[in-house]
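So the structure is just underneath, and the comments pick up after that.
We use all heavy atoms of the structure for the numbers below, so side chains are in, but hydrogens, waters and symmetry mates are not. This structure is a prediction, so every number in the text was calculated from the model and none was measured.
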Amino acid sequence: MDFFPFLLFGGAFIALVVWFMARRRKSDRARARRLAELGFFACPEEADGLAEKITRLENNSEYTFSVSRPMHASLDGRTVYYYLKSRSRQGHVIEVSEFLLPLKRRSTAGLVLWIKPSELLSSTAEKLIGAMATGAWDSQPDDLEKIEIPIDLRGGNLIGALAPRGYTLRDSIDSQALEILQGIGDGGALIAMCRDEMCSLTAVSARMPLDLDQLLPLIRRLIERQYG
């Protein structure tokens with residue numbers, strides 16, 4: 001077996017983690033203060049309801065999901081949540097930070113987008129990470145599979161996508177929303193997961209926190225595009 005592609009993928013992913021750790025390192029306390037400055041308020045009573053929404057959004061029978069430290073804000077009259085999401089299976093727990101926002105799309109079916117930061121990765125590493133990210137991992141939604149990225153979008157920040165069998169990217173999301181979402185990688189959100197009228201923006205590791213000042217303007221643009 002040729003291990004070079006896997007070594008290259010591993011090196012690229014490690015570079016990604018190091019890059020984010022260097023640029024986004026903030027304490028939990030500082031992040032909570034910044035969220036409060038941006039209009040977010042703690043809502044611990046909504047943790048169970050959010051966990052139910054996330055369980056539906058993820059649609060993964062292998063894992064259970066829970067939420068801690070939830071906060072919410074009203075952006076243009078729409079509620080946006082920020083919280084820590086825990087995904088667990090057989091005692092193994094992964095915790096990441098996440099936003100949840102309303103998003104109208106062309107379809108209510110599931111959709112997962114993998115987005116890279118604008119500055120990072122060679123084209124070869126992009127392809128490897130995109131291929132590995134959209135592989136048949138047990139952490140992917142049960143009803144989705146890899147779909148092709150349209151030719152006109154290749155070479156941009158979108159490096160992988162999952163949707164139901166028979167769907168295309170154009171079936172699942174309009175070009176304006178997709179254009180905005182391609183900027184989320186610069187804020188540390190490498191995954192956008194959508195279902196029904198929900199969309200989560202997620203870091204891939206607790207060591208790669210979301211950049212609030214990068215992501216909130218993009219979230220506002222998405223909401224204004226739908227409801228403005």
### Query
Side-chain contact, heavy-atom cut-off 4.5 Å: Arg34 with Asp213?
yes

### Message
Taking Ile180's backbone N and O only, do any of them form a donor-acceptor pair with Arg221's side chain (distance below 3.5 Å, no angle check)?
### Response
no

### Query
Nearest 0.5 Å, what's the NZ-CD1 distance between Lys104 and Ile223?
12.0 Å

### Query
Can you list the steps and then say if Asp171 with Ser107 is a side-chain hydrogen bond (donor to acceptor under 3.5 Å, both in side chains)?
CA-CA 7 Å; Asp171 294 330; Ser107 169; over 6 Å; no

### Query
Any donor and acceptor pair, going by atom type alone, linking the side chain of Arg195 with main-chain N or O of Arg56 inside 3.5 Å?
yes

### Query
Can you tell me how far CZ of Arg87 sits from OG1 of Thr55, rounded to the nearest 0.5 angstrom?
12.5 Å

## Note on the structure
Separation between CG (Asp48) and OG (Ser66), nearest 0.5 Å, reads 9.5 Å

### Message
Ignoring hydrogens, what is the shortest heavy-atom contact between Gly160 and Leu158? Give both atom names and the distance.
### Response
O-CD1, 3.4 Å

### Query
Are Arg225 and Asp174 ion-paired here, with the side-chain N under 4.0 Å from a carboxylate O?
yes

### Task
Would you check, one step at a time, whether the test side chain to side chain contact (heavy atoms under 4.5 Å, CB included) holds for Ile184 with Leu201?
CA-CA 8 Å; Ile184 66 173; Leu201 308 181; 3.9 Å; yes

### Asp143/Arg165 ion pair, N-O < 4.0 Å
no

### Query
Are Tyr63 and Glu58 close enough, and set up right, to give a side chain to side chain contact (heavy atoms under 4.5 Å, CB included), and what steps lead you there?
CA-CA 9 Å; Tyr63 289 87; Glu58 296 268 354; over 6 Å; no

### Task
Looking only at non-hydrogen atoms, find the nearest pair between Ser88 and Val93 and report the distance.
CB-CG2, 3.7 Å

### Query
For Leu215 and Gly187, which heavy atoms make the closest approach, and how far apart are they?
CD1-O, 3.6 Å

### Query
Counting only heavy atoms not in Glu37, do more than 12 sit closer than 6.0 Å to its CD atom?
yes

### Message
Counting neighbours of CZ on Arg220 that are heavy atoms of other residues, nucleotides or ligands and sit closer than 6.0 Å, is the number greater than 12?
### Response
no

### Query
Can you hop from Tyr167 to Leu153 via hydrophobic side chains spaced under 4.5 Å?
no

### Query
Is there a donor-acceptor contact under 3.5 Å from the side chain of Asp142 to the main chain of Ser61?
yes

### Query
With a 4.5 Å heavy-atom cut-off, do Arg154 and Ile151 have their side chains touching?
yes

#### Entry: side chain to side chain contact (heavy atoms under 4.5 Å, CB included) evaluation trace for Leu113 with Ile159
CA-CA 8 Å; Leu113 304 175; Ile159 59 173; over 6 Å; no

### Task
Would you mind checking if Arg89 and Glu62 are paired as a salt bridge, meaning a charged N to carboxylate O distance below 4.0 Å?
yes

### Query
Taking only residues at least two apart or on different chains, which pairs with a member in residues 64-75 satisfy salt bridge (charged side-chain N to carboxylate O under 4.0 Å, His left out)?
Asp28-Arg69

### Approximate separation, where rounding is to 0.5 Å, of Leu212 CG and Arg31 CZ
6.5 Å

### Polar side-chain atom of Asn157 near backbone of Ile115 as donor-acceptor pair, under 3.5 Å
no

### Test item: Leu218 and Leu222 side chains (from C-beta on) under 4.5 Å apart, heavy atoms
no

### Query
Once you round to the nearest 0.5 Å, how far does CH2 of Trp114 lie from CD1 of Ile149?
12.5 Å

### Query
side chain to side chain contact (heavy atoms under 4.5 Å, CB included) between Phe40 and Leu216: does it pass, once the steps are laid out?
CA-CA 11 Å; Phe40 282 78; Leu216 260 298; 4.0 Å; yes

### Query
Nearest heavy-atom pair of Cys199 and Cys194: which atoms, and what distance?
SG-SG, 3.1 Å

### Query
Arg105 versus Leu111: any side-chain heavy-atom pair under 4.5 Å?
yes

### Query
Do Ile94 and His92 come within less than 4.5 Å of each other through their side chains, counting heavy atoms only?
yes

### Message
Quick one: does any side-chain atom of Asp186 pair with a main-chain N or O of Pro117 as donor and acceptor, under 3.5 Å?
### Response
no

Name every donor-acceptor pair, under 3.5 Å, that has one atom in a side chain of residues 95-103 and the other anywhere in the protein, sequence neighbours excluded.
residue: Glu98; atom: OE1; partner: Lys85; partner atom: NZ; Å: 2.7
residue: Glu98; atom: OE1; partner: Thr202; partner atom: OG1; Å: 2.7
residue: Glu98; atom: OE2; partner: Tyr83; partner atom: OH; Å: 2.5

### Query
Is it the case that one hydrophobic cluster holds both Leu84 and Val67, taking links as side-chain heavy atoms less than 4.5 Å apart, direct or via other members?
no

## Note on the structure
Shortest non-hydrogen pair, Leu181 vs Ala192, comes out as CD2-CB, 4.3 Å

### Message
Under a 3.5 Å distance rule, please check whether Asn59 uses its side chain to pair with a backbone N or O of Pro141 as donor and acceptor.
### Response
no

Donor-acceptor contacts, no H, no angles, side chain residues 70-81, under 3.5 Å, sequence neighbours left out:
residue: His72; atom: ND1; partner: Glu46; partner atom: OE2; Å: 3.0
residue: Tyr81; atom: OH; partner: Glu46; partner atom: OE1; Å: 2.5

### Query
Quick one: are Leu57 and Ser200 in side-chain contact, heavy atoms under 4.5 Å?
yes

